[in-house]
Amino acid sequence: QVQLVESGGGLVQAGGSLKLSCATSGRTFSSNNMAWFRQTPGKERECVAAISWSDGRTAYADSVKGRFTISRDNAKNMVYLQMNSLKPEDTAVYYCAAGLNYGLSARYDYWGQGTQVTVSS
């Protein structure tokens, strides 16, 4: 089992930045591939960024490429999502996820409770 707890969400103006954090516990963190998803009401959950446990490879959805950066600190069992140049359409609940597979389309087995990000215009 892996437990995930997100933090760092909030209200920010368009063009601003936020950094989300995901604290993990349970099964060895360093063997988990990690990802950040987001979801708005009435829409499917979207994977916006993923990071591999083995070599640190990253992948980003086109909608956030060049603005968001995913990173991990294996020593601290933490995953981060740095979000810059935020747009109102980035408003969503953001979820941290962990699993055995890597990639934007991979299946993730463990999820956090989510943190709200709201970008005002």
Side-chain angles (χ1 to χ4, degrees):
Q1 283 281 21
V2 177
Q3 292 77 45
L4 308 172
V5 179
E6 303 96 335
S7 61
L11 174 64
V12 64
Q13 287 189 332
S17 298
L18 277 177
K19 185 174 184 178
L20 304 183
S21 299
C22 175
T24 75
S25 61
R27 193 179 73 188
T28 304
F29 170 74
S30 60
S31 65
N32 288 306
N33 295 297
M34 303 296 298
W36 285 95
F37 285 73
R38 68 185 180 188
Q39 189 170 25
T40 55
K43 293 188 178 181
E44 287 192 6
R45 195 171 292 188
E46 172 193 23
C47 185
V48 297
I51 187 165
S52 162
W53 76 267
S54 59
D55 57 8
R57 282 175 295 158
T58 57
Y60 297 94
D62 288 343
S63 57
V64 306
K65 201 171 293 183
R67 300 187 298 121
F68 289 12
T69 302
I70 187 172
S71 61
R72 63 190 298 162
D73 185 334
N74 288 347
K76 296 181 178 180
N77 291 353
M78 297 289 294
V79 180
Y80 306 98
L81 185 67
Q82 177 67 47
M83 306 186 293
N84 298 328
S85 302
L86 282 162
K87 305 174 181 179
E89 51 264 43
D90 294 319
T91 295
V93 177
Y94 283 73
Y95 298 89
C96 179
L100 296 178
N101 300 302
Y102 162 75
L104 299 178
S105 302
R107 167 186 161 177
Y108 290 86
D109 302 306
Y110 303 99
W111 297 84
Q113 82 289 349
T115 185
Q116 177 70 46
V117 171
T118 303
V119 184
S120 63
S121 58

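- Between the side chain of E6 and the main chain of Q113, a donor-acceptor pair closer than 3.5 Å is present.
- In the hydrophobic clustering of this structure, V2 groups with L81; members are Ile, Leu, Val, Met, Phe, Trp, Tyr whose side-chain heavy atoms approach within less than 4.5 Å, directly or through other members.
- The side-chain heavy atoms of W53 and N33, taken from C-beta on, include a pair separated by under 4.5 Å.
- Going from atom SG of C96 over to atom CD of Q3 covers 12.0 Å, rounded to the nearest 0.5 Å.
- The distance from atom OH of Y108 to atom CG of L4, rounded to the nearest 0.5 Å, is 12.0 Å.
- Across A92 and T40, no two heavy atoms sit closer than the pair CB-CG2, 3.6 Å.
- Side chain of T115 to backbone of Y94: no donor-acceptor contact under 3.5 angstrom is found.
- Every residue meeting the side chain to side chain contact (heavy atoms under 4.5 Å, CB included) condition with E46, not counting sequence neighbours, appears here in chain and number order: R38, V48, A61, S63.
- Atom CD1 of residue I51 and atom OH of residue Y60 lie 7.0 Å apart, to the nearest 0.5 angstrom.
- Ion pairing between D90 and K87 fails under the 4.0 Å rule for side-chain N and carboxylate O.
- A distance-only check finds a donor-acceptor pair linking the side chain of R67 to the backbone of S85 [under 3.5 Å].
- Interatomic distance, T24 OG1 to N77 CG, rounded to the nearest 0.5 Å: 4.0 Å.
- To the nearest 0.5 Å, the span separating OG1 on T69 from CE on M83 amounts to 11.0 Å.
- Taking every heavy atom of both residues into account, S120 and L11 meet most closely at CB-CD1, 4.3 Å.
- Side-chain contact between Y80 and K19 is present, with at least one heavy-atom pair separated by less than 4.5 Å.
- Sorted by first and then second residue, the disulfide bond (SG atoms under 2.5 Å apart) pairs involving residues 31-82 (not counting sequence neighbours) form an empty list.
- Summarising the geometry of A106 relative to N101, their closest heavy-atom pair is CB-CB, 3.7 Å, with the distance given to 0.1 Å.
- L20 has its side chain out of reach of Y95: every pair of non-hydrogen atoms, C-beta onward, lies at least 4.5 Å apart.
- Under the 4.5 Å side-chain heavy-atom criterion for Ile, Leu, Val, Met, Phe, Trp and Tyr, M34 and V117 are members of the same hydrophobic cluster.
- Residue Q13 places its CD atom among 12 or fewer non-hydrogen atoms of other residues, nucleotides or ligands, all under 6.0 Å distant.
- In summary, the aromatic rings of F37 and W111 are positioned with their centroids under 6.0 Å apart.
- In this structure, V93 is not a member of the same hydrophobic cluster as V64, with clusters built from ILVMFWY side-chain heavy atoms closer than 4.5 Å.
- In this structure, the separation between CD on Q82 and CD1 on I70 is 12.5 Å, given to the nearest 0.5 Å.
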